[in-house]
Amino acid sequence: EADIYQTPRYLVIGTGKKITLECSQTMGHDKMYWYQQDPGMELHLIHYSYGVNSTEKGDLSSESTVSRIRTEHFPLTLESARPSHTSQYLCASSDPTANTYEQYFGPGTRLTVT
Amino acid sequence: DAKTTQPPSMDCAEGRAANLPCNHSTISGNEYVYWYRQIHSQGPQYIIHGLKNNETNEMASLIITEDRKSSTLILPHATLRDTAVYYCIVRVDDGSARQLTFGSGTQLTVLP
């Protein structure tokens with residue numbers, strides 16, 4: 001079992017609130033990723049990081065921001081939540097010595113913005 | 001990236017081997033075959049990957065044909081918890097972060 005954690009698992013919040021979704025891994029992986037997935041739909045990469053102080057935007061444009069101050073921690077922040085942000089957010093990590101697509105996922109955060 | 005084709009659904013009796021096929025006839029020489037699964041409402045789970053040799057780990061075995069145009073994921077003793085959608089993807093590993101894109105996959109249902 002991969003050791004990657006996400007909190008909260010479920011979040012219902014009102015429009016305009018600032019939220020931070022937490023993601024932590026204890027495997028010492030340098031590469032970390034944030035994906036967004038709607039029910040029954042494809043994964044979309046929204047952010048990734050190659051290591052501390054490295055963050056890049058993914059293939060899907062997102063109003064969220066990320067930071068990578070510590071190897072094990074890769075939080076995602078929405079400054080002002082909107083109903084269009086309602087989705088499942090999945091965090092993943094991979095070992096740089098392993099293949100890029102050998103990614104380990106957390107359980108996800110299901111966000112609902114009312 | 002090569003396109004993959006998988007059957008939309010399969011059933012398997014609990015305790016039996018589940019053999020999930022995948023066709024990737026346009027695969028190129030430097031593309032790996034990866035398998036993931038996604039249980040309803042959970043994050044995807046990496047299972048196994050290979051280039052040309054057969055691979056085995058604690059979860060499954062991957063058999064890749066000699067011409068690399070198809071592969072089979074084998075779960076040797078399927079349990080009810082193996083019920084999930086299984087995705088076969090083919091990708092070049094160039095070391096850069098790339099979107100993990102799944103096709104429609106195979107819904108495996110393990111029956112008691």
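Order of the sequence lines sets the chain letters (A, B, ...), proteins ahead of strands, with each chain counted from 1.
The CD1 atom of Ile47(B) sits 12.0 Å away from the CD atom of Glu102(A) when rounded to the nearest 0.5 Å. Note that CG of Leu43(A) is 9.5 Å distant from OH of Tyr36(B), once rounded to the nearest 0.5 Å.
Hydrophobic clustering (side-chain heavy atoms under 4.5 Å, transitive across Ile, Leu, Val, Met, Phe, Trp, Tyr) groups Val113(A) together with Leu60(A). In the hydrophobic clustering of ILVMFWY residues, with side-chain heavy atoms under 4.5 Å counting as a link, Tyr32(B) and Ile63(B) come out apart. Hydrophobic clustering, with ILVMFWY side chains joined whenever heavy atoms are under 4.5 angstrom apart, groups Ile46(A) together with Ile19(A).
Annotation: Lys69(B), atom NZ; neighbour count of heavy atoms from other residues, nucleotides and ligands within 6.0 Å does not exceed 12. Applying the 6.0 Å contact sphere to CG of Leu80(B) captures more than 12 heavy atoms from other residues, nucleotides or ligands.
Proximity to chain A (any heavy atom under 4.5 Å) is shown, for Glu58(B), by neither the backbone nor the side chain. In this structure, chain B has a heavy atom under 4.5 Å from the side chain of Gln37(A), while its backbone stays farther away.
Between the side chain of Tyr35(A) and the backbone N or O of Gly43(B) there is no donor-acceptor pair closer than 3.5 Å.
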